[in-house]
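Have a look at the structure below before the remarks.
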Amino acid sequence: MALTRINIGPVHPSTHGVARLVVDLDGDTIVKIEPHIGYLHRGVEKLVETRMYMQSPPYMEKIDYVAPMAMDELYVATVEKALGIDVSEKAGYARMILLELQRIASHLFWIGSVTNDLGQSFTGFMWGFRDRDIILRLLEDATGQRMFYVNMRLGGITREFPKDFEENTIKTLAYLEKRMKEYENFIEKNPIFIQRMKGVGVLSIDDAINLGVTGHVLRACGVKYDVRKNNPYYNYETLNFHPKILSDGDNLSRYRVRIMEIEESIRIIRDSFYKLQSAHGNMVGMPVKLVSPKPVNKIAMVSREAPRGEAMMYLVCDDQKPYRLSIRSPTFINLAALNHIAKGHRLADLFSIFATLDMVMADVDR
Amino acid sequence: MNIERAALLPTIEKMKQSGFDYLVKITAVDYIKKINVIYILRSLEQNKDEILEVEIDPTDAWIESIMKFYLGADWYERELQEMFGVKIKGRVAKRLLLEKWDGKGFPLRKNFVWNKSYDKE
């Protein structure tokens with residue numbers, strides 16, 4: 001039978017940004033998918049070459065606009081490594097708290113969009129977004145901004161936490177723990193949701209490694225790799241936490257890994273607040289100056305467990321500006337695997353697979 | 001680890017056999033007189049990263065594809081070809097990945113001129 005070629009996007013409710021998928025179908029079975037990306041390509045890597053080191057964080061935040069703090073922190077950490085600046089213990093815990101809050105907010109956003117894509121009407125969407133906003137309010141208290149924080153400074157963060165920040169956060173986390181049970185009842189006990197997720201979009205462990213997928217997609221296949229554990233940064237090694245691993249590699253595993261990650265993040269934040277009380281050093285970093293210290297390392301490479309997977313920056317230094325900044329964005333490589341995962345499935349399953357991969361197109365295109 | 005262009009495929013094959021089964025990233029840096037293509041490989045079992053650097057001449061910029069070892073190399077190689085003009089040998093050529101324009105020049109090379117219209121050349 002002749003193949004049918006259909007075009008989805010560039011703007012489509014289920015493509016999460018400006019993504020275009022050209023799908024070859026045999027009946028309604030997918031034979032091949034060719035993702036067309038680049039609609040949001042801003043050339044960030046080239047832009048930073050024209051700016052001083054600390055002029056770039058606002059650009060970095062827009063790479064992944066659902067989790068701006070993660071990219072901001074990654075860039076500043078890379079520059080810190082190049083300039084040879086140490087982060088104090090206290091600033092490390094403060095950054096960990098903010099990053100984990102950002103991770104929870106990003107995952108909640110994703111729960112909203114997954115349930116929306118799977119046709120669970122609007123309820124899941126509103127639930128996810130409502131709880132995310134509570135976290136954003138906390139971040140606003142701490143940084144002064146709701147979404148694009150530009151909160152990282154060389155050696156620390158912009159300002160001390162406000163007085164009631166800890167109390168509010170702990171209260172919110174208790175509320176969130178209660179809510180996670182409700183999510184479980186609402187979503188995971190829904191037979192339609194399970195039917196569309198279980199056994200759909202299976203990726204084997206060998207393929208996952210060969211394709212180089214990252215983050216929750218990799219961990220849902222049974223690979224034990226979490227940068228926070230395998231290559232710890234800040235004070236993660238002082239905390240007792242475990243990366244969440246499942247082995248089925250299907251949509252439902254990807255979903256469950258994320259839910260468990262939220263619960264783990266809640267624990268990390270609690271422990272970090274406890275340890276912050278006795279931590280040494282300064283929380284506030286250096287003020288932004290156009291003239292920065294001279295780089296001590298010519299090349300700096302830093303990787304972080306961002307909410308969507310492992311993000312990495314490779315920085316080659318010039319005197320006052322980056323000579324070259326190469327960004328490994330997690331969603332880029334996960335999207336490259338889409339064809340492999342979705343081949344052989346029905347067209348209707350494409351959207352549940354695409355949704356569980358958690359695409360942010362700005363992050364793919366950079 | 002610096003290696004010759006001709007030694008790329010044998011080195012990668014050897015590394016893959018010794019447990020470096022995960023490709024983290026392929027990228028490049030333009031040093032004007034040379035282009036360094038960088039392969040970051042990882043052994044998940046040993047929890048170790050290894051960086052391979054291959055120097056190539058910008059006027060004769062090509063490199064072998066490593067797709068037969070790592071499927072994940074696909075988009076990185078296409079990005080490399082598009083942004084640095086490094087031709088990838090031994091794989092099917094595909095359309096541009098990121099850019100929607102039919103422009104000339106390679107954006108991440110240092111001799112790329114900003115704000116120049118390439119349409120009329």
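Protein chains get the first letters and strands the later ones, always in sequence-line order, with residue 1 at the start of each. Computed from a prediction, not measured in an experiment: that's the story for all the values here.
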Kindly compute the distance separating OG (A:Ser326) from CD1 (B:Ile40), expressed to the nearest 0.5 Å.
-> 7.0 Å
Engaged part of A:Val223 at the chain B interface, taking heavy atoms whose separation is under 4.5 Å | side chain
More than 12 heavy atoms of other groups within 6.0 Å of A:Lys224 NZ = no
Is it the side chain or the backbone of A:Ile327 that comes within 4.5 Å of chain B heavy atoms, both, or neither?
-> backbone
Answer yes or no: are there more than 12 heavy-atom neighbours, outside B:Glu45 itself, under 6.0 Å from its atom CD?
-> no
Tell me, for A:Leu40 versus chain B, whether the close heavy atoms (under 4.5 Å) come from the side chain, the backbone, both or neither.
-> neither
Please name all residues satisfying salt bridge (charged side-chain N to carboxylate O under 4.0 Å, His left out) with B:Lys48, sequence neighbours left out, ordered by chain then number.
-> none
The interface call for B:Arg78 against chain A, heavy-atom contacts under 4.5 Å, is side chain
By side-chain hydrogen bond (donor to acceptor under 3.5 Å, both in side chains), A:Asp358 pairs with (sequence neighbours left out) A:Arg258, A:Arg308
Can you check whether B:Asn47's main-chain N or O pairs, donor with acceptor, with A:Asn230's side chain at less than 3.5 Å?
-> no
Taken to the nearest 0.5 Å, the spacing of B:Asp74 CG from A:Asn339 CG works out to 9.0 Å
Side chain from CB out, backbone as N, CA, C, O: work out which of these in B:Tyr31 comes under 4.5 Å of a heavy atom of chain A, or both, or neither.
-> both
Of all heavy-atom pairs between A:Arg324 and B:Thr27, which one has the smallest distance, and what is that distance?
-> NH2-OG1, 3.0 Å
First locate atom CD of A:Glu49, then atom NZ of B:Lys110, and finally report the distance between them rounded to the nearest 0.5 Å.
-> 3.5 Å
Go through B:Arg42 and A:Glu310 one step at a time and tell me if the side-chain contact (heavy atoms from CB on, under 4.5 Å) criterion holds.
-> CA-CA 13 Å; B:Arg42 173 174 299 155; A:Glu310 185 190 355; 2.7 Å; yes
A:Arg42 CZ: over 12 foreign heavy atoms closer than 6.0 Å | yes
Heavy atoms of A:Asn210 and B:Tyr70 approach each other most closely as OD1-CA, 3.3 Å
Residues at least two apart in sequence or cross-chain that pass ring pair (Phe, Tyr, Trp, His ring centres under 6.0 Å) with A:Phe241, listed by chain then number, are A:Tyr236
Region of B:Ala28 that comes under 4.5 Å of a non-hydrogen atom in chain A | backbone
Part of residues 3-22 of chain B lying next to chain A, heavy-atom separation under 4.5 Å = B:Lys16, B:Asp21, B:Tyr22
Taking atom CG of A:Asp206 and atom CG of B:Leu71, what is their separation to the nearest 0.5 Å?
-> 11.5 Å
Return the option, out of A:Ala337, A:Pro35, A:Ser303, with the maximum number of heavy-atom pairs under 4.5 Å with chain B.
-> A:Pro35
What are the two closest non-hydrogen atoms of B:Leu23 and A:Arg328, and how far apart are they?
-> O-NH2, 4.3 Å
Looking only at heavy atoms, what is the nearest atom pair of B:Glu79 and A:Phe332, with distance?
-> OE1-CZ, 3.9 Å
Rounded to the nearest 0.5 Å, what's the gap from NZ on A:Lys46 to CZ on B:Arg109? Could you check?
-> 11.0 Å
Would one find more than 12 heavy atoms of other residues, nucleotides or ligands at under 6.0 Å from atom NZ of A:Lys298?
-> yes
Looking only at heavy atoms, the pair that brings B:Asp49 and A:Met312 closest together is OD2-CE, 4.4 Å
Report the distance from atom CG of B:Leu44 to atom CD1 of A:Ile205, rounding to the nearest 0.5 Å.
-> 9.0 Å
